[in-house]
Amino acid sequence: MSRAAPPLERLSTRAFRALLALYPAAFRDEHGRELALVFVDRYRDATSTWERILLWFEAVSGILTEAPKEHARMILHDIGDAWRVLRQHALVTATIVVMLGLGIGANTAVFSLLNAIALRSPLPIQQAGQLYVVNRGRYAASGPEAARLSGPNFDLLRQTAPEGVELAAVSRGIARVYTRMPSEQETVPASLQLVSPSFFPVLGLSPALGRLLPEAGGGRDSDETVVVLSYAYWQRRFGGSADAVGSQLTINGASFTIGGVGPRDFAGVWLETPVDIWAPLTAQPIVRYSQSFSADSANLNQPWLPQPNIWWLHVVARVPPGQVSTVTSLFNASLTRLIGTDAGVALQPLARGFSKVRQQFSTPLTVLMVMAALVLLTACANVANLLLARAVSRQHEMAVRRALGAGRARLFHQLLIESALIVVMAGAAAVVFARWAGDALLRVATDGAPSLAAPLDLRVLAFAASVALLSVVVFGVWPAWRATRVDPVHAFKGNARTMSGHSARPARALVVLQIALSLMLVTGTGLFARSFQQLLNVDFGFEPRHVLLVGIEPKLAGVPAPDLPETYRRVLDEVGRIPGVESAALSMCGLQGSCAIEDGYRVEGFQPRTDEVVAFSVNAVTPAYFATLGTPLLAGRGLSEADRAQTLSIAVVNRAFATRYFGDWRQAIGRRFGLTSLNIEIIGVVEDTRALGNLKSVAMPSVFVPLAQRPVFPRELDVRTSGEPTLTMAAVRRAITTAAPGLPIESMEPAAVRVQRNLGQDRLMVLLTSGFSALALGLAAFGLFGIQSYAIARRTPEIGLRIALGASQSGVLSSIVQDSLRLVVYGTLIGLPLIAIGGTLASGLVFGVSPYDPLTLLAAVLVLVVVGVMASAGPARRASRVDPMVALRQE
Amino acid sequence: MTPARSSRVDTPDPESFLPLHRDTFHILVSLADRDRHGYAVMQDVLERTDNQLRLSPSSLYASIRRLLEQGLIEELAERPDPSNDDERRRYYRLTVLGRAVAKAEARRLERLLGDARATGLLPRRT
């Protein structure tokens with residue numbers, strides 16, 4: 001007996017029905033109406049308002065607890081179903097997991113590298129985002145690492161800085177020093193950086209022990225004999241003993257007091273070079289710091305800090321948010337007043353620290369990231385293709401389920417869960433792969449730099465997860481949408497189990513896309529490989545085989561300055577006596593590290609433009625230097641023992657110098673140059689040499705003066721051997737110790753090893769891009785093979801008919817290969833403009849080859865044609881062997 | 001498919017469901033003497049337990065869903081409930097398996113009760 005419900009009951013019922021929306025649709029469809037009826041029953045049975053409120057409370061809390069459980073159950077159920085389906089198609093599933101795993105893994109590995117090198121904020125500094133490096137405009141493009149200011153510049157900026165902006169200065173370089181505790185006999189090497197007392201306060205760091213650098217009377221002065229140890233060094237050298245504070249430490253022969261220990265985890269702002277000891281800037285002459293500077297008419301033997309023309313400091317500023325542009329213009333104004341021309345100041349973020357590796361690898365890693373993404377896209381295209389094919393074969397199943405009442409949303413949901421399950425498996429495989437590959441890559445890339453690691457931190461995992469998620473969207477949604485777009489009536493008509501002509505089109509489009517992507521990758525690999533080969537064959541301007549490079553530190557040998565020339569002669573004599581040594585030479589700088597660029601010179605007959613600075617690298621060498629390195633003499637004579645301090649000042653210049661200042665290198669002999677007067681005569685011209693640190697860059701204009709005429713400390717000993725240089729290493733070490741006891745030997749290795757190491761970045765690029773290309777090619781071939789096999793299976797009756805009507809086997813064969821080649825052509829046409837875009841990105845990374853090198857491109861297209869033919873050969877042969885009778889019967 | 005496997009799939013061992021959840025057992029007991037719809041089950045349980053056990057509709061239907069899936073109860077065609085109004089209700093009935101499971105649980109509880117008596121926890125039956 002029906003009766004009209006009172007309005008409040010109707011409202012309540014409606015509200016309850018709305019609440020039921022919290023349940024999964026399937027549960028709601030099944031039990032929703034009953035639940036609502038029970039609610040109404042109880043509502044009517046309730047006798048008081050209080051009971052009704054209680055009823056509501058119970059209903060809401062019941063739904064809130066039960067609905068999530070039902071959802072979880074549904075999902076688990078779906079996952080179970082999906083797992084069953086995936087296991088039924090174990091081979092396809094495994095293929096997909098491996099393809100995606102490699103694709104996601106490659107991306108994650110490269111990203112973990114990018115994260116370790118370029119993205120991570122590695123400095124344990126509070127509000128690191130407020131820290132900036134004050135850079136001059138002319139160096140700004142090279143990054144904050146390139147910034148350089150002098151002591152007086154720093155003072156000026158400190159005076160200019162508004163309230164709330166704090167400044168600190170640090171030496172640009174980290175010096176290798178020799179330390180000794182009072183109880184020790186031998187010295188122990190350590191790394192040292194000079195900092196202003198404000199360094200730790202500006203960075204917001206407090207000591208783990210003792211105190212940090214004390215400030216004496218403010219400004220940049222401080223007690224110049226107090227040093228701070230890094231936490232790691234304190235642990236290493238002093239075993240973490242509290243007694244270290246207050247004790248004495250001899251650094252490069254001078255005595256210092258240990259004032260305190262820096263905070264745990266902080267090892268300075270250079271990521272790859274941890275600092276062991278921080279000393280005050282004022283200690284520069286005491287520790288004989290002379291690194292990473294540029295200078296102009298300065299006296300390097302006097303303390304550097306007061307000199308305006310030695311630029312050796314990084315100035316770090318903590319600027320409160322929102323004040324950056326104000327501070328920039330203030331600094332610009334004051335520096336401009338000092339220098340006279342517009343200084344163009346830039347404040348560059350320090351938050352991520354200084355990194356040579358980052359400078360070197362940011363662009364290559366970006367290129368690799370793009371390539372890895374292309375590989376993943378290729379993999380996704382394949383997976384989408386496999387799923388599309390499976391979707392077609394599952395149309396019947398879908399139709400049955402639709403006919404049994406499952407909604408399209410439900411089926412779509414189910415298919416997406418299958419994809420998600422695949423991605424979870426692939427993602428797990430990828431993380432394992434990336435963990436392994438990331439570390440391996442980092443070792444190749446940084447030559448095992450100790451303080452860099454590629455950890456799988458949250459950011460990397462989040463990246464892997466989002467890439468995986470994105471892949472589901474790319475490869476899963478479309479096939480799922482197509483699979484569920486099934487009309488039961490149509491599907492039951494039988495022919496739905498094979499791919500119809502219409503539904504083959506998306507698969508072909510995906511293969512064309514794969515070919516385009518592969519073409520890009522193969523072209524890229526070709527370019528890097530050719531570039532690498534060019535590098536291997538490049539004329540270094542010296543002969544690295546049979547050359548041994550020895551780094552020495554005579555500054556610290558304790559030899560009185562007047563005795564130095566004699567010491568050098570003894571070292572060269574002693575080394576020269578070793579059997580198998582052909583020649584040996586000392587040089588101030590050279591192959592190991594680039595020489596200081598000196599400016600302010602005048603060159604005879606050369607009129608610089610008004611804004612032009614005459615600057616070149618100056619090296620001081622002993623006479624056998626060119627013969628030892630194997631650098632050819634182009635004109636004039638080399639240096640000789642007869643060139644002494646008392647004789648005419650002479651120099652040998654390189655080809656770049658001669659060409660730059662005299663137009664033609666043949667004109668150089670007899671010309672003069674100098675700082676104040678034209679007092680140095682050019683007596684010879686040698687071939688340009690490339691620096692070991694950067695083999696790709698062209699040679700800098702350089703001059704070589706006799707060590708006898710320029711009393712500097714040589715830091716490199718070059719030895720030419722007749723045989724394998726490694727075999728003489730022990731003898732060379734002994735000879736040096738005999739000739740100059742106490743002369744520290746910093747490094748010793750064959751030049752060829754050095755060359756190899758400096759090709760690390762290029763080797764990495766070739767290695768990785770080859771891997772990526774091989775992967776992409778394999779995937780594209782697999783995709784092509786797949787659709788051709790499929791097409792042939794579908795066309796068997798047609799092919800049978802054609803053979804029955806007299807078509808030849810070769811005709812069938814070639815028609816199928818032709819079809820594959822058509823796809824390759826389409827892919828190439830799409831790929832070419834993409835390559836043009838990619839070329840601009842790669843242009844800075846290739847050496848001696850144009851990024852648009854037509855030969856490389858042609859080779860890449862050929863590779864794809866071959867792959868296309870090979871991938872379709874199998875299916876084509878199968879097609880040509882179709883038995884017409886069998887085929888027609890199948891129809 | 002081997003016969004052993006099919007027999008296992010077709011008739012699961014009632015013992016394998018034990019022990020039953022309290023609510024589940026009450027629902028099965030409530031359906032033992034006659035077919036009922038959901039609300040009737042709730043009311044019956046409430047009555048038999050002297051208003052001690054009030055099943056909430058949401059947990060009741062979660063249980064019903066599970067029992068249906070396990071094959072312990074089955075749905076009958078919808079029909080009106082004469083005692084309430086003429087709204088059509090979905091009725092449930094014990095399956096053969098459901099009855100066997102309920103019996104097995106009852107026996108289990110009986111044994112437990114016997115044990116309690118034997119140890120003097122409860123007075124011995126006279």
Side-chain angles (χ1 to χ4, degrees), chain A residues 1-6 9-10 12-13 15-17 19-47 51-52 54-74 76-78 80-81, chain B residues 1 5 9 21-24 26-27 30-31 35-49 51-93 95:
Chain A
M1 201 169 58
S2 110
R3 60 183 169 86
E9 183 190 314
R10 275 210 308 272
S12 268
T13 313
F16 184 79
R17 280 185 205 283
L19 258 181
L20 289 178
L22 290 174
Y23 276 108
F27 185 91
R28 208 169 51 232
D29 291 348
E30 195 62 28
H31 304 293
R33 202 183 76 94
E34 295 286 314
L35 266 168
L37 283 174
V38 171
F39 179 80
V40 173
D41 284 344
R42 298 180 67 204
Y43 192 90
R44 285 177 189 161
D45 289 353
T47 48
E51 268 186 43
R52 289 195 185 109
L54 212 67
L55 173 66
W56 257 109
F57 177 75
E58 196 190 323
V60 170
S61 66
I63 288 175
L64 286 185
T65 48
E66 292 296 331
K69 284 190 209 160
E70 288 298 323
H71 276 288
R73 195 191 56 84
M74 291 284 291
L76 278 177
H77 185 84
D78 283 354
D81 277 359
Chain B
M1 210 180 274
R5 184 190 163 104
V9 168
H21 185 269
R22 182 198 62 183
D23 293 5
T24 311
H26 276 292
I27 295 168
S30 165
L31 292 175
D35 309 338
R36 293 178 203 268
H37 55 71
Y39 187 46
V41 170
M42 278 173 64
Q43 285 172 314
D44 180 54
V45 170
L46 194 65
E47 220 167 279
R48 274 191 295 103
T49 59
N51 291 332
Q52 291 300 303
L53 180 60
R54 183 188 293 274
L55 295 176
S56 86
S58 41
S59 71
L60 170 74
Y61 276 96
S63 303
I64 286 181
R65 195 256 312 133
R66 200 170 49 246
L67 288 170
L68 283 168
E69 272 178 7
Q70 291 173 333
L72 301 189
I73 61 172
E74 62 193 343
E75 251 172 49
L76 302 175
E78 284 181 6
R79 65 168 191 260
D81 173 11
S83 70
N84 206 314
D85 58 27
D86 62 353
E87 192 100 59
R88 296 179 72 82
R89 301 299 176 115
R90 194 174 290 170
Y91 280 71
Y92 302 97
R93 159 198 294 172
T95 60

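We use all heavy atoms of the structure for the numbers below, so side chains are in, but hydrogens, waters and symmetry mates are not. Each chain gets a letter, A, B and so on, in the order the sequences are listed, and its residues count up from 1.
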Could you verify whether a donor N or O on one side chain and an acceptor N or O on the other, from B:R48 and B:S30, lie under 3.5 Å apart? no
Do the numbers put A:R42 on top of the ring of B:Y39, so that NZ or CZ is under 6.0 Å from the six-membered ring centre and no more than 45° off the axis? no
Using heavy-atom distances under 4.5 Å, tell me whether A:E30 contacts chain B through its side chain, its backbone, both, or neither. both
Tell me, for A:R73 versus chain B, whether the close heavy atoms (under 4.5 Å) come from the side chain, the backbone, both or neither. side chain
With only heavy atoms counted, which part of B:L60 is less than 4.5 Å from chain A, the side chain, the backbone, both or neither? neither
To the nearest 0.5 Å, how far apart are CZ in A:R44 and CZ in A:F39? 11.5 Å
Option that, when pairs with chain A are counted at under 4.5 Å, heavy atom only, ranks first among B:E75, B:R54, B:R90, B:R65: B:R65
Student check: side-chain heavy atoms of B:L31 and B:I73 closer than 4.5 Å: yes
Bottom line for A:Y23: the part with an atom under 4.5 Å from chain B's heavy atoms is side chain
With a 4.5 Å heavy-atom cut-off, do B:Y61 and B:L55 have their side chains touching? no
